[in-house]
Amino acid sequence: MSGININGIKDLKRQLEKLEKGTDKIIEDCAKELAEKLLREAKQRTPRDTGYLKNHWQTTGVIKQGLTYTIMVINQTEYAMYVEFGHRTRNGRGWVPGRFMLKISADDI
C-alpha cells in the first residue's frame with residue numbers, strides 16, 4: 001500500500017481561503033448597499049425647512065468585528081435627535097411629535 005496523496009486537499013484548502021477573502025468583500029459590498037439605501041430613505045423622510053438637516057445624513061465605513069459587519073447611518077446635526085424623537089415646545093407646555101426618519105426607514109428596509 002502506498003502513501004496517501006494530499007495534493008487535492010492542499011488545493012481545496014487554498015481555494016477555501018480564497019473564497020473566504022472574497023466573502024468578506026461581498027458582505028462589505030452588501031452592507032454598503034444597504035446603508036446607502038437606508039441613507040436615501042432617511043433623507044426622503046427628513047423634513048426640509050432649510051435643507052441643513054437633510055444634507056447632514058452620512059454613513060461611516062464598514063467595521064468588522066469577528067463575524068459582525070457594522071455601518072452606521074448618522075446625522076450629527078445638533079437638533080437631529082429632537083426631530084427624530086420629538087421634543088417639548090419652547091414654553092414647555094406642548095409637544096412636537098417625532099418624525100422617526102431613521103427608525104421608519106430602518107424598519108422598512
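Index from 1, following the sequence.
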Selection residues 11-55 - residue pairs positive for ring-ring contact (aromatic ring centres under 6.0 Å, His included), sequence neighbours left out: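 Of all non-adjacent pairs touching residues 11-55, those that pass ring-ring contact (aromatic ring centres under 6.0 Å, His included) are Tyr52-His56.
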Side chain to side chain contact (heavy atoms under 4.5 Å, CB included) involving Lys10 - partner list, sequence neighbours excluded: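 Lys10 satisfies side chain to side chain contact (heavy atoms under 4.5 Å, CB included) with Ile6, Arg14 only.
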Who pairs with Ala31 by side chain to side chain contact (heavy atoms under 4.5 Å, CB included), at least two apart in sequence or on another chain?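 Per chain and number, Ala31 pairs via side chain to side chain contact (heavy atoms under 4.5 Å, CB included) with Ile71.
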Listed once per pair and sorted, the salt bridge (Lys or Arg N to Asp or Glu O under 4.0 Å) pairs that draw on residues 63-76, sequence neighbours left out: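 For residues 63-76, and leaving out neighbouring residues, the salt bridge (Lys or Arg N to Asp or Glu O under 4.0 Å) pairs sorted by first residue read Asp24-Lys64.
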After noting the C-alpha distance and the side-chain angles of Leu53 and Val83, does the key distance pass the side chain to side chain contact (heavy atoms under 4.5 Å, CB included) rule? CA-CA 9 Å; Leu53 181 64; Val83 177; 3.9 Å; yes
Mind listing the closest non-hydrogen atom pair of Ser105 and Ala42 along with its distance?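 Heavy atoms only, the tightest pair is OG-N, 3.3 Å.
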Checking Tyr69 now: which residues fulfil ring-ring contact (aromatic ring centres under 6.0 Å, His included) with it, not counting sequence neighbours?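 ring-ring contact (aromatic ring centres under 6.0 Å, His included) check on Tyr69 returns nothing, list empty.
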For residues 30-44, pull every pair meeting side-chain hydrogen bond (donor to acceptor under 3.5 Å, both in side chains), keeping only residues two or more places apart or in separate chains.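 Matches after skipping sequence neighbours: Glu41-Arg45.
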With sequence neighbours left out, which residue pairs that include part of residues 83-95 fulfil the side-chain hydrogen bond (donor to acceptor under 3.5 Å, both in side chains) condition?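 Every pair satisfying side-chain hydrogen bond (donor to acceptor under 3.5 Å, both in side chains) with a residue in residues 83-95: Thr89-Asn91.
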Under the side-chain hydrogen bond (donor to acceptor under 3.5 Å, both in side chains) test, residues paired with Thr60 that sit two or more places apart: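 Counting only residues at least two positions away or on another chain, Thr60 forms no side-chain hydrogen bond (donor to acceptor under 3.5 Å, both in side chains).
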Quick one: list whatever passes side-chain hydrogen bond (donor to acceptor under 3.5 Å, both in side chains) with Asp49, sequence neighbours left out.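 Applying side-chain hydrogen bond (donor to acceptor under 3.5 Å, both in side chains) to Asp49 gives none.
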Show your working on side chain to side chain contact (heavy atoms under 4.5 Å, CB included) between Val96 and Tyr82 and close with a plain yes or no. CA-CA 9 Å; Val96 177; Tyr82 301 110; over 6 Å; no
Check salt bridge (Lys or Arg N to Asp or Glu O under 4.0 Å) between Glu17 and all other residues, then give those that pass, not counting sequence neighbours.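 Partners of Glu17 under the salt bridge (Lys or Arg N to Asp or Glu O under 4.0 Å) test: Lys13.
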Members sharing Leu19's hydrophobic cluster (side chains within less than 4.5 Å):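 Joined to Leu19, directly or through intermediates: none.
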Members besides Met72 in its Ile/Leu/Val/Met/Phe/Trp/Tyr cluster (side-chain heavy atoms under 4.5 Å):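 Besides Met72, the hydrophobic cluster comprises Ile74, listed by chain and residue number.
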Evaluate side chain to side chain contact (heavy atoms under 4.5 Å, CB included) for Phe85 paired with Arg99, printing each intermediate quantity in order. CA-CA 7 Å; Phe85 299 112; Arg99 299 296 291 263; over 6 Å; no
Do side-chain atoms of Thr46 reach the backbone of Lys54 as a donor and acceptor pair under 3.5 angstrom?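 Pair absent, no side-chain N/O of Thr46 close to backbone of Lys54.
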